Amino acid sequence: MPEALEVELYRRAAEQVVGRTVARVVAPDAWFVKGGSSPAQLRRALSGCTVTAARRRGKLLLLDTDGPVLGLRFGMTGRLVVDDVAAIDELEYGSRRDAPAWDRFALQFAPVGQARRRGGTLRINDSRRLGGVELSPDEDALGPDALTLSFAELDVALAHSAAPLKARLLDQAHIAGIGNLLGDEILWRAGLDPARAAGSLTAVERRRLHRNLQRVLAELLCRGGSHLGDLQDQRHRQGVCPRDGANLLRRTIGGRTTFSCPAHQL
DNA sequence: ATTGTGGCCTGCCCGC
DNA sequence: TGCGGGCAGGCCACAA
């Protein structure tokens, strides 16, 4: 499912539309338009606007224009398709099909230049409709981005919290971008029990967490997805720890299915 | 404010 | 072969 890494790949794909002008906004699904706007309002606000940048904060993709900012969320099964090329071919838990009925939102761009070549499109194909688009989303409702999280920022995010460590890592208001799979991988590598109170970590443990968090994000971005971690293959009921062979623990923490190793995650 | 819970959405997979 | 139930989790509303 799209976590910060997938959305970063989406952002890179979206950079291809920087400089293009919106000719038509296709928003067939009112449910998919968030923030109290209607599809008609979205169309009016964006038609004729030129895209000036593609940014990302956590799992939120932001298209800057010479008009309003457009925010795109992908939920669990949303894929970004630019000029009919999917930015990621395979999504964990998502279908590999690109059914036209699942196109929930699209920008069609105006043709450029005298060659009259097609202006191209940017669209979200989302079977589950858990994503959405929003005009001028509140970016500051999100914490600092996980991919560039400093140690000081991690410190602030964890300090004085009684919530389970994993729940805090996944809390987008405190750290933006970590989802369930990345959370499990990071804590498994850092050797930290996801159920421990976030504020209970020693300075040494917080350092270790920060180091592993950075490494996991960098490595898995290179590998190409949140589902390509070393723990992933064992995230099932009979799974064993790839490091020491112990039977993995399967629990619900912070409302999410959580796998951890009772032998080395302390 | 913090923390936890339930519901939303729907394709897919398993067991019968 | 078809059917029903459970599962996946990002996000939001709501409760205490």
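These numbers were taken from a predicted model, which means no experiment stands behind them. In the text below, chain A, chain B and the rest are named by the order of the sequence lines, each starting its count at 1.
- Rounded to a whole Å, the CG atom of A/L72 is 16 Å from the C1' atom of C/dC11.
- At C/dC12, none of the side-chain N or O atoms of A/K34 fall inside 4.0 Å of OP1 or OP2 (strictly under the cut-off).
- The salt bridge (charged side-chain N to carboxylate O under 4.0 Å, His left out) test with A/D145 singles out one residue from A/R56, A/R11, A/R55, and that residue is A/R56.
- Counting heavy atoms from C-beta outward, A/F74 and A/L61 have side chains that approach closer than 4.5 Å.
- Axis angle between the ends of the helix from B/dT2-C/dA16 to B/dC16-C/dG2, five pairs each and rounded to 10 degrees, works out to 40°.
- Within the structure, the side-chain hydrogen bond (donor to acceptor under 3.5 Å, both in side chains) test picks out the following pairs touching residues 26-35 of chain A (sequence neighbours left out): A/D29-A/R129.
- In terms of the side-chain hydrogen bond (donor to acceptor under 3.5 Å, both in side chains) criterion, A/Q234 has no residue partners (sequence neighbours excluded).
- Following rounding to the nearest Å, A/R57 (CZ) and C/dC11 (C1') show an atom-to-atom distance of 17 Å.
- Partners of A/R196 under the salt bridge (charged side-chain N to carboxylate O under 4.0 Å, His left out) rule, at least two apart in sequence or in another chain, are A/E205.
- Using a 4.5 Å heavy-atom threshold, the side chains of A/V22 and A/T65 count as separate.
- One can place CZ of A/F32 at 13 Å from P of C/dC12, the figure rounded to the nearest angstrom.
- Residues that satisfy the side-chain contact (heavy atoms from CB on, under 4.5 Å) test with A/A106, not counting sequence neighbours, are A/V26, A/R123.
- What separates CG of A/L61 from P of C/dC11 is a distance of 13 Å, to the nearest Å.
- Here A/L62 sits in one hydrophobic cluster together with A/L60, A/V69, A/L142; the rule is ILVMFWY side chains under 4.5 Å apart, joined directly or through other members.
- For the ring pair (Phe, Tyr, Trp, His ring centres under 6.0 Å) condition, the pairs that include at least one residue of residues 129-166 of chain A, sequence neighbours left out, are A/F151-A/H210.
- With sequence neighbours excluded, the residues satisfying side-chain contact (heavy atoms from CB on, under 4.5 Å) with A/A146 are A/I175, A/I178, A/L217.
- Distance CG (A/D98) to C1' (B/dG11): 15 Å, rounded to an integer number of Å.
- Between A/E6 atom CD and C/dG10 atom C1' there is a gap of 13 Å when expressed in whole angstrom units.
- Contacts of residues 150-177 of chain A with DNA chain B (heavy atom under 4.0 Å): A/S161, A/A162, A/A163, A/P164, A/R168.
- Nucleotide C/dG9 holds its C1' atom 12 Å from the CG atom of A/D126, rounded to whole Å.
- In this entry the distance linking NE2 of A/H236 with P of B/dC12 reads 22 Å, nearest Å.
- OP1 or OP2 of C/dG9 lies within a sub-4.0 Å distance of a side-chain N or O belonging to A/R235.
- Contact of A/R73 with C/dG10 (side chain to base): no donor-acceptor pair of N or O atoms is detected under 3.5 Å.
- Evaluation of the side-chain contact (heavy atoms from CB on, under 4.5 Å) rule for A/L130 yields A/M76, A/R128 as partners, not counting sequence neighbours.
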At a cut-off of 3.5 Å, list every protein nitrogen or oxygen paired with a nitrogen or oxygen from nucleotides 6-10 of chain B, distance to 0.1 Å.
from	atom 1	to	atom 2	distance (Å)
B/dC9	O3'	A/R129	NH1	3.4
B/dT10	OP1	A/R129	NH1	3.2
B/dT10	O2	A/R128	NE	3.0

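- Across all strands shown, A/G75 has heavy atoms under 4.0 Å from sugar-phosphate atoms exclusively, and none from any base.
- Contact annotation: A/R250 side-chain N/O to C/dA8 OP1/OP2 distance is under 4.0 Å.
- The hydrophobic cluster containing A/V81, built from Ile/Leu/Val/Met/Phe/Trp/Tyr side-chain heavy atoms closer than 4.5 Å, comprises no other residue.
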